[in-house]
Amino acid sequence: MKVVSKQKNSRMCIICGLDNEYGVRAPFYNMEDGSVMTRFRYRAQHQSYPGRVHGGLITAMLDEMGLRALWAKELSEATFGVTMSLDTKYHKPVPYEEDLIGRGVIVKDTPKFCVTEACIYDADGNKLATGTIKYIKLDVSQIADGATIHEEMPYLEEDGVTEIPFF
């Protein structure tokens, strides 16, 4: 599937923060169909049992893709929200140190709320985890103690990715 543009990364987010030494540092892309996608790898620091990623970090990735799906649909990073509910289903163990693909899509969007679905796949297209996430839309100043988007999301590192395979 073709990439339309790349989204910004934050400083310290556990999923996308480029300054977080323990983070996943995942890049996110706006796709031609209005979804968001990422190609990423968990690391050994993200394990629960040997060879498996901690369920909380799997859920955190699904949550991140959920709100970013709204940004992909709007082609803007201006709308923010807070997770109201998140239903995670673990289909298979998620490995670390292996290439993974994530995808998030909007299911419902109103002026005040948004519902998204996000999935994590292995490189062969096997579905490893899914989430349905509901957000309430809020101004970033209501969420982050007066911080601005420019302070928290400063990085846009182009990497030349123009297409991400999807199953």
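One is the number of the first residue; the rest follow in order along the sequence. Being a predicted model, the structure only gives us computed values, none of them experimental.
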- prompt: Quick check: are there more than 12 heavy atoms from other residues, nucleotides or ligands sitting under 6.0 Å from CZ of F167?
  reply: yes

message: Please determine whether residues V115 and L70 belong to a single hydrophobic cluster, defined as Ile, Leu, Val, Met, Phe, Trp and Tyr linked transitively by side-chain heavy-atom distances below 4.5 Å.
response: no

- request: Scan for salt bridge (Lys or Arg N to Asp or Glu O under 4.0 Å) pairs involving residues 50-71, sequence neighbours excluded, and state none if there are none.
  value: E64-R68

Minimum-distance pair of heavy atoms, taken over all atoms of G125 and Y121: O-CD2, 3.6 Å

- prompt: Under a single-linkage definition using a 4.5 Å side-chain heavy-atom cutoff for Ile, Leu, Val, Met, Phe, Trp and Tyr, are V161 and M31 assigned to the same hydrophobic cluster?
  reply: yes

- prompt: Taking 4.0 angstrom as the limit, do R103 and D33 come out as a salt bridge?
  reply: yes

message: Using side-chain heavy atoms (C-beta onward) and a distance below 4.5 Å, is L18 in contact with E157?
response: yes

Under 3.5 Å donor-acceptor, H46 side chain and Y22 backbone: yes

field: Separation of L156 CG from Q7 CD (nearest 0.5 Å)
entry: 10.0 Å

field: Derivation of the side chain to side chain contact (heavy atoms under 4.5 Å, CB included) call for N30 and K6
entry: CA-CA 6 Å; N30 300 318; K6 189 172 183 194; over 6 Å; no

query: How far apart are the C-alpha atoms of I101 and M37, what are their side-chain angles, what is the distance that settles it, and do they pass the side chain to side chain contact (heavy atoms under 4.5 Å, CB included) test?
result: CA-CA 7 Å; I101 295 174; M37 290 186 73; 3.6 Å; yes

message: Pair T116, V107 - check side chain to side chain contact (heavy atoms under 4.5 Å, CB included), show working.
response: CA-CA 5 Å; T116 63; V107 174; 5.6 Å; no

statement: Scanning both residues in full, the closest heavy-atom pair of T38 with A26 reads OG1-CB, 3.7 Å

field: Non-hydrogen atoms of M1 and E32 that approach each other most closely
entry: CG-OE2, 3.5 Å

message: Taking A44's backbone N and O only, do any of them form a donor-acceptor pair with E97's side chain (distance below 3.5 Å, no angle check)?
response: yes

field: Straight-line distance of K112 NZ to K137 NZ, nearest 0.5 Å
entry: 10.0 Å

- prompt: When you measure from the centre of the six-membered ring of F113, is the NZ or CZ of K108 under 6.0 Å away and within 45° of the axis?
  reply: no

Co-members of V24 in a cluster of I, L, V, M, F, W and Y side chains, linked at under 4.5 Å: I14, I15, F28, V36, F40, Y42, V53, L57, I58, M61, L62, M65, Y90, V94, Y96, L100, I120, L128

task: Fit a plane to each ring of W71 and F80, take the angle between them on a 0 to 90° scale, and name the class: parallel (under 30°), tilted (30 to 60°) or perpendicular (over 60°).
output: perpendicular

- prompt: Among all residues two or more places apart in sequence or in another chain, which pass the side-chain contact (heavy atoms from CB on, under 4.5 Å) test with V82?
  reply: I136, L138, I143

message: Show the nearest heavy-atom pair for residues D159 and P27, with the distance to one decimal.
response: OD2-CB, 4.4 Å

message: For the OH atom of Y29 and the OG atom of S5, what is their distance to the nearest 0.5 Å?
response: 11.0 Å

- request: Could you tell me whether the side chain of N20 and the main chain of R25 form a donor-acceptor pair under 3.5 Å?
  value: no

query: What's the spacing between N126 CG and D124 CG if we round to 0.5 Å?
result: 6.0 Å

query: Which heavy atom in G34 sits nearest to a heavy atom in A72, and how many Å separate them?
result: O-CB, 3.6 Å

field: Stepwise side chain to side chain contact (heavy atoms under 4.5 Å, CB included) check, H91 with T130
entry: CA-CA 8 Å; H91 304 281; T130 58; 3.0 Å; yes

statement: Taken to the nearest 0.5 Å, the spacing of R11 CZ from N9 CG works out to 12.0 Å

field: Pair T132, D87: side-chain N/O donor-acceptor within cut-off below 3.5 Å
entry: no

task: Can you measure from SG (C114) to NZ (K73) and round to the nearest 0.5 angstrom?
output: 7.5 Å

- prompt: Is V105 linked to L86 within one hydrophobic cluster, defined over Ile, Leu, Val, Met, Phe, Trp and Tyr using a side-chain heavy-atom separation of less than 4.5 Å?
  reply: no

